[in-house]
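Comments concern the structure below.
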Amino acid sequence: MAVQVTESAPSVALGPAVALSCRECGQRFPLGPIFACQECFGPLEVAYELPAGGPEELKKRIEAGPANIWRYAPLLPVPADVADKPNLNPGFTKLVKADRLAAELGVTGGLYVKDDSGNPTHSFKDRVVAIAVEAARAFGFTTLSCSSTGNLAGAVGAAARRAGFKSCVFIPHDLEPGKVVMAAVYGGDLVAIEGNYDDVNRFCSELIGDPLGEGWGFVNVNLRPYYGEGSKTLAYEICEQLGWQLPDQLVIPIASGSQLTKIDKGLKELIALGLVEDKPYRIFGAQAEGCSPVSAAFKAGHEVVKPQKPKTIAKSLAIGNPADGPYVLDIARRTGGAVEDVTDPQIVDAIKLLARTEGIFAETAGGVTVGVTRKLIENGLLDPSLTTVVLNTGDGLKTLDAVAAGPTATIRPDLDAFREAGLAG
């Protein structure tokens, strides 16, 4: 699709962001609601003039900030007064030291779960939408929209209402009921498209070029360069919560692949700013076997990701043609990591394992990362003696259909019945 470059209005103020830069050819463009390079059609990302001054001064500034992603405003494409605007204010979720899970997996180094189910709509998508909302404000949009596998739909619906936007989001017709309710409850328009996520995404790309889409900010299409920057805050928080240190290894779920690539970008920025000591780190990507185009390409040694038709319970990761797939391959190979996949039964087992050991009920994407971590250790690809961070990106209450669980026993309301059930002592 041809893309028209739009000059930013002089009033646009997005903090340290100074331009959009093509990942492929390096061509720069003014800040605006565009997502593809006019020269080579490569993806655009935000370029910055990062803060001057010493790292200790910047650390103090960050640590004095609010307990959400806006503590990192000096490193994000947002206005300086972003914390004062109506927003869901996500972030600074728990980094859980998972000693019991580590014992189950045979990890002797530190094992941590970055649990992003604690965000306002219970997934990491609140981070990326919060950044997109500020870009939408700056560019004068009136309606927020997206194509979504579920979590993003809820995040956009909630953020739009909080920030005073209209919303219209698009989802596959067979989405999990819990995610449908969470997307619909905020009162915006929710449209189910007959087909999978890739069909939904194609439809949204067509709508952007039509007069029907005038005034609409599609957070993961024409606002994608800004939206993607929200994932960097996971990297910032993990390192700050580790005492301003890089983890040795990270296991990150792959849907479009944007989260993984932006976490890598965030880690590199922290190194460049002197906020963390430079040392090697390894990034591992995690997919479900029923939608594993990046894993298949990695194992085959390919540079190109061949699209697949998704068929997995991990619907939040069910993107058969991931936009950032080739960049994920580059990062996994550059850092000495890998991309692996697990079956649906392994996903369910991993969800139960995490719940049983650490009291964290993850959605299916979290089951993918824990399951892949276990598989990587078994295959000798992940070093169990190193500090490892595993991401849980959403709440298991959103994917209840994936896990069968119920009462241990059903008894009469008396002590004899309890004794007869063999549960006492």
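All residue numbers refer to positions in the sequence shown, counting from 1.
- The heavy-atom pair separating Cys40 from Cys25 by the smallest distance is SG-SG, 3.7 Å.
- Annotation: the span from Leu105 atom CG to Thr357 atom OG1 amounts to 7.5 Å, rounded to 0.5 Å.
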Working for side chain to side chain contact (heavy atoms under 4.5 Å, CB included), residues Val78 and Tyr72: CA-CA 10 Å; Val78 295; Tyr72 308 110; over 6 Å; no

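- Side-chain contact check for Leu14 versus Pro79: some heavy-atom pair is nearer than 4.5 Å.
- The line from CD1 of Ile34 to CG of Leu223 is 11.5 Å long, rounded to the nearest 0.5 Å.
- When side chains are defined from C-beta on, Ile238 counts as touching Pro247, because their heavy atoms get closer than 4.5 Å.
- With contacts defined as side-chain heavy-atom distances shorter than 4.5 Å, the pair Thr149/Lys315 does not qualify.
- Formation of a donor-acceptor pair under 3.5 Å by the Asp341 side chain with backbone atoms of Cys291 is not found in this model.
- Considering every non-hydrogen atom in both Ala153 and Ile171, the closest pair reads CB-CG2, 3.8 Å.
- Side chain of Arg161 to main chain of Tyr186: a donor-acceptor pair is present (N/O by atom type, distance under 3.5 Å, no hydrogens or angles).
- Side-chain contact between Pro322 and Val294 is present, with at least one heavy-atom pair separated by less than 4.5 Å.
- We find that Lys299 and Glu340 are joined by a salt bridge, their nearest charged nitrogen and carboxylate oxygen being less than 4.0 Å apart.
- Ser145 places a side-chain N or O within donor-acceptor distance of the main-chain N or O of Cys168, the cut-off being under 3.5 Å.
- Of the possible polar contacts, one joining the Asp414 side chain to the Asp416 backbone as a donor-acceptor pair under 3.5 Å is found.
- Contact check for Gln259 versus Leu391: side-chain heavy atoms found under the 4.5 Å cut-off.
- In this structure, the separation between CD on Glu358 and CG on Asp99 is 7.0 Å, given to the nearest 0.5 Å.
- Using a 3.5 Å distance cut-off with no hydrogens or angles, the side chains of Asn220 and Ser147 do pair a donor with an acceptor.
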task: Begin from the C-alpha positions of Val370 and Ile351 and carry the test side chain to side chain contact (heavy atoms under 4.5 Å, CB included) through to its verdict.
output: CA-CA 8 Å; Val370 173; Ile351 291 171; over 6 Å; no

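- Looking at heavy atoms from C-beta onward, Gln245 lies out of side-chain contact with Thr387 at the 4.5 angstrom threshold.
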Using atom types as modelled, flag every donor-acceptor pair under 3.5 Å from a side chain in residues 131-139 to any protein atom, sequence neighbours excluded.
| unit_1 | atom_1 | unit_2 | atom_2 | d |
| --- | --- | --- | --- | --- |
| Glu134 | OE1 | Arg137 | NH1 | 3.3 |
| Glu134 | OE2 | Asn87 | ND2 | 3.1 |
| Glu134 | OE2 | Arg137 | NH1 | 2.5 |
| Arg137 | NH2 | Pro86 | O | 2.7 |

- request: Give the intermediate values and the outcome of salt bridge (charged side-chain N to carboxylate O under 4.0 Å, His left out) for residues Lys59 and Glu56.
  value: CA-CA 5 Å; Lys59 278 184 188 178; Glu56 292 308 315; 3.6 Å; yes

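- At a threshold of 4.5 Å between non-hydrogen side-chain atoms, the residues Thr233 and Phe124 do not count as touching.
- Put simply, the side chain of Asp344 gets close to the backbone of Ile313: a donor and an acceptor are under 3.5 Å apart.
- A donor-acceptor pair under 3.5 Å is absent between the side-chain atoms of His122 and the main chain of Gly394, judged by distance alone.
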- request: Evaluate the side chain to side chain contact (heavy atoms under 4.5 Å, CB included) criterion for residues Ile331 and Thr261: first the C-alpha distance (whole Å), next the side-chain angles of each, then the deciding distance (0.1 Å), finally the verdict.
  value: CA-CA 7 Å; Ile331 291 168; Thr261 62; 3.8 Å; yes

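- Donor-acceptor pairing under 3.5 Å is recorded for the side chains of Asp126 and Thr121.
- Within 6.0 Å of the NZ atom in Lys375, the count of heavy atoms belonging to other residues, nucleotides or ligands exceeds 12.
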- request: Give the intermediate values and the outcome of side-chain hydrogen bond (donor to acceptor under 3.5 Å, both in side chains) for residues Asn151 and Lys398.
  value: CA-CA 9 Å; Asn151 284 325; Lys398 295 187 175 190; 2.8 Å; yes

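- Between the side chain of Thr335 and the backbone N or O of Arg282, no donor-acceptor pair lies under 3.5 Å.
- Of the possible donor and acceptor atoms, none in the side chain of Ser123 sits under 3.5 Å from a partner among the backbone N and O of Asn119.
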Can you give each donor-acceptor pair under 3.5 Å made by side-chain atoms of residues 401-411, sequence neighbours left out, with the distance rounded to 0.1 Å?
none

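- Within 6.0 Å of atom NZ in Lys94, 12 or fewer heavy atoms from other residues, nucleotides or ligands are found, so the atom counts as exposed in its surroundings.
- Between Asp330 and Arg23, no side-chain nitrogen of the basic residue sits less than 4.0 Å from a carboxylate oxygen of the acidic one, so the salt-bridge criterion is not met.
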task: Go through Asp248 and Lys279 one step at a time and tell me if the salt bridge (charged side-chain N to carboxylate O under 4.0 Å, His left out) criterion holds.
output: CA-CA 8 Å; Asp248 298 311; Lys279 70 172 187 177; 2.9 Å; yes

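- Under the rule for a salt bridge (charged side-chain N to carboxylate O under 4.0 Å, His left out), the partners of Arg356 that lie at least two apart in sequence or sit in another chain are Glu104.
- At a threshold of 4.0 Å, the pair Glu229-Lys265 counts as salt-bridged, since one of the basic side-chain nitrogens sits closer than that to a carboxylate oxygen.
- In this structure, the side chains of Glu24 and Cys37 stay at 4.5 Å or more apart for every pair of heavy atoms.
- Surrounding NZ of Lys97 are more than 12 heavy atoms belonging to other residues, nucleotides or ligands, all under 6.0 Å away.
- Listed here is the closest heavy atom pair of Val305 and Gly325: CG2-C, 3.8 Å.
- Arg374 has no carboxylate O lying under 4.0 Å from a charged side-chain N of Asp349, or vice versa, which leaves the two without a salt bridge.
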Atom pairs and distances, side-chain donor-acceptor, residues 107-114, under 3.5 Å, sequence neighbours left out:
| unit_1 | atom_1 | unit_2 | atom_2 | d |
| --- | --- | --- | --- | --- |
| Thr108 | OG1 | Pro384 | O | 3.3 |
| Lys114 | NZ | Thr93 | O | 2.7 |
| Lys114 | NZ | Thr93 | OG1 | 3.2 |
| Lys114 | NZ | Glu237 | OE1 | 2.7 |
| Lys114 | NZ | Gln241 | OE1 | 3.0 |

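- Taking a cutoff of 4.0 Å between a charged side-chain nitrogen and a carboxylate oxygen, Glu63 and Arg71 do not qualify as a salt bridge.
- Looking at Thr312, its side chain never comes within 3.5 Å of a backbone N or O of Gly290 through a donor-acceptor pair.
- By the 4.0 Å N-to-carboxylate-O rule, Asp189 lies too far from Lys166 to be salt-bridged with it.
- Take Phe218 and apply the ring-ring contact (aromatic ring centres under 6.0 Å, His included) test, not counting sequence neighbours, and it matches Trp216.
- No side-chain donor-acceptor contact under 3.5 Å links Asp199 to the backbone of Asn201.
- One distance of note links CD of Gln249 with OG1 of Thr388; it measures 4.0 Å at 0.5 Å rounding.
- Arg127 CZ to Phe92 CZ: the interatomic distance, rounded to the nearest 0.5 Å, is 10.0 Å.
- Of the charged side-chain nitrogens involved, at least one lies within less than 4.0 Å of a carboxylate oxygen, so that Asp264 and Arg334 count as a salt-bridged pair.
- In this structure, CG on Leu44 lies 12.0 Å from CG on Asn222, to the nearest 0.5 angstrom.
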Please report, to 0.1 Å, the donor-acceptor pairs under 3.5 Å made by any side chain of residues 267-277, with sequence neighbours excluded.
| unit_1 | atom_1 | unit_2 | atom_2 | d |
| --- | --- | --- | --- | --- |
| Glu269 | OE1 | Lys232 | NZ | 2.9 |
| Glu269 | OE1 | Tyr236 | OH | 2.5 |
| Glu269 | OE2 | Lys232 | NZ | 3.1 |

